[in-house]
Amino acid sequence: MKKYLLPKTGFFYKANMHCHTTLSDGKLTPQEIKEHYKNKGYSVVAFTDHDIFIPHPELKDDNFLPLNGFEVEINQENTENIHAAKTCHICFVALNENITEQPMWNPEYLFGNAPKNAKLVKYNANEPFFKRPYGSQTISKMMHIGKQKGFFVTYNHPVWSLENYGDYINYTGMDAVEILNYSCARIGLTDSVTVYDDLLRAGNKIYALATDDCHTEPDIGGGFIVIKAEALTYSAVASALKNGNFYASSGPEIKELYFENNTLYYKCSEALSVTFTTDVRWADAHTAKTDLVTEGHFEVPDCCNYFRLTVTDSHGKQAHSNAYFTKDL
Ligand SMILES: [Zn+2]
Ligand SMILES: [Zn+2]
């Protein structure tokens with residue numbers, strides 16, 4: 001039976017899942033962010049200012065959906081050289097627009113313009129301020145709390161954070177990892193899809209994100225996801241995120257993806273190559289000869305637990321599907 005990996009019905013919506021505004025340390029106001037992204041054909045932006053969870057329902061219109069979120073950082077204390085201290089950044093994006101409380105509030109961690117805007121944040125005043133000593137225990141705990149409170153939890157820019165395999169392999173509770181964070185990549189701190197495979201091979205069923213993490217205008221438009229959802233409503237987009245109905249990209253499009261008779265079928269925008277990656281030493285590629293690649297299929301072998309697709313265009317830009325586990329198909 002044909003199983004659609006990107007839903008057969010619905011619409012594609014371009015989304016940036018990570019950005020900062022003048023409410024914390026960004027240079028653009030929420031309204032300016034909306035205008036820039038709308039002009040570039042985006043329909044969805046998740047507003048993820050540092051620690052201050054401030055929903056932006058006022059930005060919603062027929063063609064634009066703001067998602068409500070915030071980013072936290074868990075910093076290693078290293079007084080000798082602050083630039084050598086490891087850190088872990090996590091975005092929490094609410095999967096329901098009725099969620100209004102920041103569940104791990106502690107004003108001691110605010111910086112930039114965030115202290116000035118702390119009064120706009122709702123939190124449970126009966127709970128003690130949430131302390132965050134750096135380490136996998138704190139990080140996993142925060143990821144689990146976020147998930148339990150109804151947020152989509154993303155592990156951000158491991159390279160910029162100076163985190164490596166020995167760190168992130170111990171984190172549990174994330175929904176997705178950034179394989180491209182454009183604001184980090186454009187200054188040379190470039191993440192890679194290898195981290196995604198490391199986490200998948202360890203048994204984490206998670207998704208891949210490309211984001212801008214925009215703080216200034218030049219950060220806009222380098223990394224995005226394309227969500228396939230029934231409508232541009234908070235609930236439809238949140239459900240698509242939760243179910244992994246999206247792909248990550250810096251340019252190319254994945255137009256269709258389905259699985260039938262142990263075979264993965266795809267359609268994509270014009271590509272120089274399309275590669276097929278698994279958790280084991282089984283991989284394959286379709287490479288352009290006279291014509292660029294726009295469709296094809298790969299056999300999915302019994303020896304793999306998951307597979308994923310990468311589309312590379314003639315500018316070297318890539319689209320990455322999420323990973324699909326054969327047991328779920
Ligand atoms: Zn960050
Ligand atoms: Zn950020």
Side-chain angles (χ1 to χ4, degrees), residues 15-30 32-34 36-37 42 44-56 66-76 78 82-94 102 104 106 109-115 117 121 132 134 138-139 142-143 146 151-164 167-168 171 173-192 195-196 206 208-225 241 248 250:
N16 172 31
M17 291 294 290
H18 186 170
C19 83
H20 301 279
T21 75
T22 45
L23 291 170
S24 65
D25 66 344
K27 296 277 184 282
L28 301 163
T29 64
E32 287 168 335
I33 291 275
K34 171 184 169 172
H36 280 293
Y37 279 98
Y42 286 66
V44 178
V45 171
F47 288 82
T48 56
D49 271 308
H50 295 283
D51 271 289
I52 46 169
F53 181 48
I54 301 174
H56 293 288
L67 298 178
N68 308 327
F70 62 100
E71 183 180 32
V72 301
E73 47 181 80
I74 301 104
N75 299 323
Q76 190 178 45
N78 180 339
I82 184 83
H83 300 289
K86 290 189 186 205
T87 181
C88 176
H89 289 203
I90 309 167
C91 275
F92 299 91
V93 177
Q102 209 277 31
M104 288 162 274
N106 191 334
Y109 299 114
L110 301 180
F111 61 91
N113 292 328
N117 296 305
V121 181
R132 0 170 151 145
Y134 179 83
T138 303
I139 291 160
M142 294 180 85
M143 287 176 168
F151 291 86
F152 186 77
V153 180
T154 77
Y155 173 49
N156 301 340
H157 52 64
V159 169
W160 184 90
S161 298
L162 306 182
E163 293 204 300
N164 57 34
D167 303 308
Y168 58 70
Y171 302 161
M174 70 181 82
D175 292 297
V177 59
E178 284 183 345
I179 57 169
L180 168 66
N181 177 302
Y182 184 61
S183 69
C184 295
R186 77 180 186 85
I187 56 166
L189 295 166
T190 310
D191 288 295
S192 103
V195 178
Y196 187 39
I206 57 169
L209 288 186
T211 73
D212 280 344
D213 193 1
C214 78
H215 289 75
T216 65
E217 210 180 317
D219 295 334
I220 293 176
F224 53 89
I225 63 170
L241 283 173
S250 57

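Counting starts at 1 for both ligands and their atoms, following the listed order. Because only heavy atoms are used, hydrogens play no part in the values below, and waters and symmetry mates are left out as well, while side chains stay in.
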*Does Ser183 use its side chain to pair, donor to acceptor, with the backbone of Asp213 at less than 3.5 Å?*
yes
*What is the total of protein N/O/S atoms that are closer to the Zn ion (ligand 2) than 2.8 Å?*
4
*Close side-chain approach of Glu163 to Cys88, heavy-atom, < 4.5 Å*: yes
*asked:* Does the plane of the ring in Tyr155 sit parallel, tilted or perpendicular to the ring in Tyr168? Use 30° and 60° as the thresholds.
replied: tilted
*Test Asp49 against every option in Asn113, Thr22, Asn117, Thr21 by the side chain to side chain donor-acceptor pair (under 3.5 Å) rule and name the one that passes.*
Thr21
*Can you name the residues that form a ring pair (Phe, Tyr, Trp, His ring centres under 6.0 Å) with His89, not counting sequence neighbours?*
His157, Trp160
*Pick out which of Tyr37, Tyr182, Tyr42 makes a side chain to side chain donor-acceptor pair (under 3.5 Å) with Asn16.*
Tyr37
